[in-house]
2 protein chains.
Amino acid sequence: MPQSKKINPEEILKHHELKATPQRIEVLSTFLKRNQVMSLAELNKMLGKEFDRITLYRTLNTFEEHGLIHKIPDSNGNINYALCKHESLDHSHNDNHIHFQCTSCNLTVCLEELEIPIIRIPKKFNPVKYIFLIEGICEDCDGKVKKHKGLV
Amino acid sequence: MPQSKKINPEEILKHHELKATPQRIEVLSTFLKRNQVMSLAELNKMLGKEFDRITLYRTLNTFEEHGLIHKIPDSNGNINYALCKHESLDHSHNDNHIHFQCTSCNLTVCLEELEIPIIRIPKKFNPVKYIFLIEGICEDCDGKVKKHKGLV
DNA sequence: TGATATATGCAACAATGTTTCATTTGGTTA
DNA sequence: TAACCAAATGAAACATTGTTGCATATATCA
Ligand SMILES: [Mn+2]
Ligand SMILES: [Mn+2]
Ligand SMILES: [Zn+2]
Ligand SMILES: [Zn+2]
């Protein structure tokens with residue numbers, strides 16, 4: 001039988017040179033369990049109200065600095081968080097992709113396969129990082145609207 | 001002598017079907033005076049602490065809904081505000097451009113001439129609005145770093 | 001099994017978002 | 001011009017999130 005790749009939060013943390021504290025393990029496990037974009041509110045809810053919010057704040061900062069997660073800001077200034085996809089346990093990861101957010105239900109997704117196109121900008125601006133968010137309506141919400149309007 | 005185009009806040013408001021209240025005139029005048037991207041903090045500072053912050057909050061929302069200004073969110077969830085460029089006083093305006101923000105001094109600029117490229121995304125996502133922010137280092141900050149490192 | 005650099009938890013404060021509601025007022029009409 | 005009224009304002013109140021300082025706890029390593 002093929003050995004399924006086990007995702008061990010402790011090992012991931014150590015590979016990123018982070019102390020494997022219970023809090024970090026819990027946060028990382030939450031990301032691995034849900035495996036989707038999460039808002040701070042959703043994270044707080046999943047972790048339970050016993051989990052210290054300042055610790056979560058610092059944990060998210062630390063995870064981002066070490067390339068475990070990336071932030072996805074939306075047009076209202078709300079920030080969502082997503083795990084960075086890693087091939088195996090090495091440090092390579094790629095956040096340079098487009099994100100989509102449904103303005104109706106707030107579903108937010110990483111479009112990992114869609115790289116952000118490089119744009120030439122005036123030379124007095126030295127580009128470092130690109131953020132490309134597409135806002136719109138997801139399939140589910142679109143369906144509901146059409147159904148409600150009697151179009152289906 | 002050529003009659004210089006006078007920008008009258010009251011007329012602009014009325015052309016956008018907004019009551020020309022003293023507060024709105026003051027906010028719009030502030031945008032016209034500065035003629036550049038402003039953060040909420042900068043707006044508050046320019047308006048003075050007598051200006052009610054809830055009124056400012058609602059005024060910004062109203063201005064955005066009516067296409068007078070557009071929001072520019074950055075990767076930290078901070079929002080900057082900029083006047084929408086209008087040809088004359090008609091309602092046509094274009095926010096579909098790229099923005100640049102310096103991560104060192106927070107200078108934020110509208111690159112009006114750079115349209116956001118249209119990207120094909122999976123059909124289950126119905127795109128409505130595109131947000132493209134480029135983060136980097138501006139000329140001034142770049143110069144300071146090089147000077148500090150003795151490279152100039 | 002210590003030693004220690006780091007992480008955590010709590011207090012405290014700031015900034016901003018958002019709603020409710022009583023009062024004021026800009027624009028319109030008689 | 002005076003009166004009317006839908007809309008705007010301002011104050012209060014509350015929530016969320018960001019952020020730092022500091023005392024305590026602990027993961028890791030020698
Ligand atoms: Mn992503
Ligand atoms: Mn702009
Ligand atoms: Zn949706
Ligand atoms: Zn700069």
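Per chain, numbering begins at 1; letters A, B, ... match sequence-line order.
- Listed by first and then second residue, the side-chain hydrogen bond (donor to acceptor under 3.5 Å, both in side chains) pairs that reach into residues 47-59 of chain A are A/Asp52-A/Thr55, sequence neighbours excluded.
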B/S/- contact track for nucleotides 17-30 of chain D, protein heavy atom under 4.0 Å: BBBBB-----BS--
May I have the list of side-chain donor-acceptor pairs in residues 75-83 of chain B shorter than 3.5 Å, sequence neighbours left out?
unit_1  : atom_1 : unit_2   : atom_2 : d
B/Ser75 : OG     : B/Glu135 : OE2    : 2.4
B/Asn76 : OD1    : A/Lys71  : NZ     : 3.3

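- In the hydrophobic clustering, where aliphatic and aromatic side chains (Ile, Leu, Val, Met, Phe, Trp, Tyr) are joined below 4.5 Å either directly or transitively, B/Ile54 stands alone.
- Using a 4.5 Å cut-off between side-chain heavy atoms of Ile, Leu, Val, Met, Phe, Trp and Tyr, A/Val37 falls into a hydrophobic cluster with A/Ile72.
- Under the side-chain hydrogen bond (donor to acceptor under 3.5 Å, both in side chains) criterion, A/Thr62 pairs with no residue, sequence neighbours left out.
- Taking the screw axis at each terminus of the helix from C/dT1-D/dA30 to C/dA30-D/dT1 from five consecutive base pairs, the angle between the two is 30° to within rounding of 10 degrees.
- As rounded to whole Å, 13 Å separates atom P of D/dA7 from atom CD of B/Glu17.
- Listed by chain and residue number, nothing satisfies the ring-ring contact (aromatic ring centres under 6.0 Å, His included) test with A/Phe31 (two or more places apart in sequence, or in another chain).
- With sequence neighbours excluded, the residues satisfying side-chain contact (heavy atoms from CB on, under 4.5 Å) with A/Thr30 are A/Met38, A/Leu43, A/Met46, A/Leu47.
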Would you be so kind as to tabulate the donor-acceptor pairs closer than 3.5 Å made by side chains of residues 18-26 of chain B, with sequence neighbours excluded?
unit_1  : atom_1 : unit_2  : atom_2 : d
B/Thr21 : OG1    : B/Arg24 : N      : 3.2
B/Arg24 : NH1    : B/Lys19 : O      : 3.2

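- Atom P of nucleotide D/dA12 and atom CG of B/Asp52 are separated by 10 Å, given to the nearest angstrom.
- Side-chain heavy-atom separations under 4.5 angstrom define the hydrophobic clusters, and the remaining members of the one that includes B/Ile131 are A/Leu133.
- Judged purely by distance below 3.5 Å, without hydrogens or angles, the side chains of A/His15 and A/His66 never pair a donor atom with an acceptor atom.
- One atom, NZ of B/Lys49, and another, C1' of D/dG10, lie 18 Å apart when rounded to the nearest Å.
- Of all nucleotides in DNA chain C having an atom under 4.0 Å from a heavy atom of chain A, the first and last in 5' to 3' order are C/dA5 to C/dA12.
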